[in-house]
Amino acid sequence: DVKVTQSSRYLVKRTGEKVFLECVQDMDHENMFWYRQDPGLGLRLIYFSYDVKMKEKGDIPEGYSVSREKKERFSLILESASTNQTSMYLCASSFGADTQYFGPGTRLTVL
Amino acid sequence: GQNIDQPTEMTATEGAIVQINCTYQTSGFNGLFWYQQHAGEAPTFLSYNVLDGLEEKGRFSSFLSRSKGYSYLLLKELQMKDSASYLCAVTGSGGATNKLIFGTGTLLAVQP
């Protein structure tokens, strides 16, 4: 079974803090994705990566950056957290155009 | 532009059949996914349609009409555990084969 794990289920940070969200997958997938999910807006793509050290902006990249130094790990970075970044963050991975498998999510609250 | 529409909420009775519709307008199309998401949990894969027609998998079936930009998810013999959000997602928009564009999801409540 594909396993995608995320470093925290719940996180509380203060405005202006630097925040790291980590995602690890164990199926050697080349594609990894970061989404945020908000009520009424659905899942929106922040960034994705199709190979080590490669990244592409999604639909809402502003305020975020990513890092992929190893194939199994994809990090989402909030350089200076703001209250409008309070959300559920979901990581996913896939092989090519196949099904995306999601991690359990991190519920981030920025105070 | 790209647009995926689903009803926001639906209610159905245990043991019944429910159909959740999804219409899409995207610049490019490779296929359509349906995911199930229980409250507070990650989305899990249900089905993938590439060609027109009906794909059946146990109590769940998914239909696609590419010419109409339309899909539906059919859930039979509803159980209380089917209460969840159902997400429709399209791949291939803008020529990107590995990206998904999601609808906002349909929250299904199954009542006794």
Side-chain angles (χ1 to χ4, degrees), chain A residues 1-10 21 23-25 27 29-51 54-61 74 87-109, chain B residues 1-9 20 22-51 55 57 60 62 73 84-108:
Chain A
D1 276 355
V2 176
K3 187 145 188 175
V4 181
T5 57
Q6 295 183 226
S7 49
S8 307
R9 288 302 302 270
Y10 300 94
L21 302 181
C23 176
V24 177
Q25 51 93 5
M27 284 302 292
H29 286 167
E30 69 261 23
N31 296 324
M32 296 189 74
F33 306 83
W34 275 108
Y35 296 89
R36 62 178 283 177
Q37 186 174 32
D38 301 288
L41 297 176
L43 277 150
R44 292 179 293 166
L45 182 64
I46 304 171
Y47 266 99
F48 72 101
S49 168
Y50 51 89
D51 201 352
M54 307 302 287
K55 61 185 179 185
E56 283 201 26
K57 293 179 180 179
D59 299 317
I60 50 164
F74 192 35
S87 185
M88 170 69 89
Y89 289 88
L90 288 160
C91 173
S93 72
S94 74
F95 180 72
D98 284 351
T99 303
Q100 289 188 20
Y101 294 91
F102 286 83
T106 297
R107 186 164 292 283
L108 173 67
T109 301
Chain B
Q2 41 204 20
N3 195 42
I4 300 176
D5 284 320
Q6 312 176 228
T8 304
E9 294 181 358
I20 302 174
C22 172
T23 58
Y24 62 89
Q25 290 177 310
T26 55
S27 54
F29 177 86
N30 277 358
L32 188 143
F33 287 87
W34 283 96
Y35 283 83
Q36 180 191 58
Q37 186 178 25
H38 286 100
E41 298 183 10
T44 54
F45 169 76
L46 286 178
S47 67
Y48 179 48
N49 291 69
V50 177
L51 301 176
E55 296 273 346
K57 194 186 293 186
F60 291 9
S62 56
L73 181 70
S85 279
Y86 291 86
L87 312 179
C88 171
V90 168
T91 183
S93 177
T97 56
N98 54 4
K99 284 173 57 178
L100 289 177
I101 306 296
F102 282 86
T104 54
T106 299
L107 182 62
L108 174 66

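So you know, we letter chains A, B, ... as the sequences are listed, proteins then strands, and number each from 1. When reading the values below, keep in mind they use all heavy atoms of this one structure, side chains included, and skip hydrogens, waters and symmetry mates. Nothing here was measured: the structure is a model prediction, and the numbers come from that model.
There is no contact between B/I4 and chain A, counting heavy-atom distances below 4.5 Å. Within the 4.5 angstrom heavy-atom criterion, only side-chain atoms of A/Y35, from C-beta onward, approach chain B. Residue A/D59 touches chain B through its side chain alone, counting heavy-atom pairs closer than 4.5 Å. For A/L90, the part sitting under 4.5 Å from any heavy atom of chain B is the side chain, from C-beta outward, and nothing else. Using a 4.5 Å cut-off between heavy atoms, A/R44 makes no contact with chain B at all.
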Exercise for review: Please report the C-alpha distance between A/Q37 and B/Q37 in whole Å, then the side-chain angles of each, then the deciding distance to 0.1 Å, and finally whether the side chain to side chain contact (heavy atoms under 4.5 Å, CB included) criterion is met.
Suggested key: CA-CA 12 Å; A/Q37 186 174 32; B/Q37 186 178 25; 2.8 Å; yes

Review point. What's the verdict on side chain to side chain contact (heavy atoms under 4.5 Å, CB included) for A/L43 and B/Y35, showing C-alpha distance, side-chain angles and the deciding distance?
Key: CA-CA 12 Å; A/L43 277 150; B/Y35 283 83; over 6 Å; no

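For the options B/G105, B/G103, B/P43, heavy-atom pairs under 4.5 Å to chain A are most numerous at B/P43.
Heavy-atom minimum distance, B/A42 versus A/P104: CB-CA, 4.0 Å. A/F33 approaches B/K99 most closely through the heavy-atom pair CE2-CA, 4.4 Å.
Every residue meeting the side-chain contact (heavy atoms from CB on, under 4.5 Å) condition with A/S49, not counting sequence neighbours, appears here in chain and number order: A/R68, A/F74.
Note that the CG atom of A/D98 and the CZ atom of B/F33 stand 7.0 Å from one another [nearest 0.5 Å]. Note that the CG atom of B/L46 and the OG1 atom of A/T99 stand 10.5 Å from one another [nearest 0.5 Å].
Remark: A/F95 CZ is loosely packed, at most 12 non-hydrogen atoms of other residues, nucleotides or ligands lying under 6.0 Å away.
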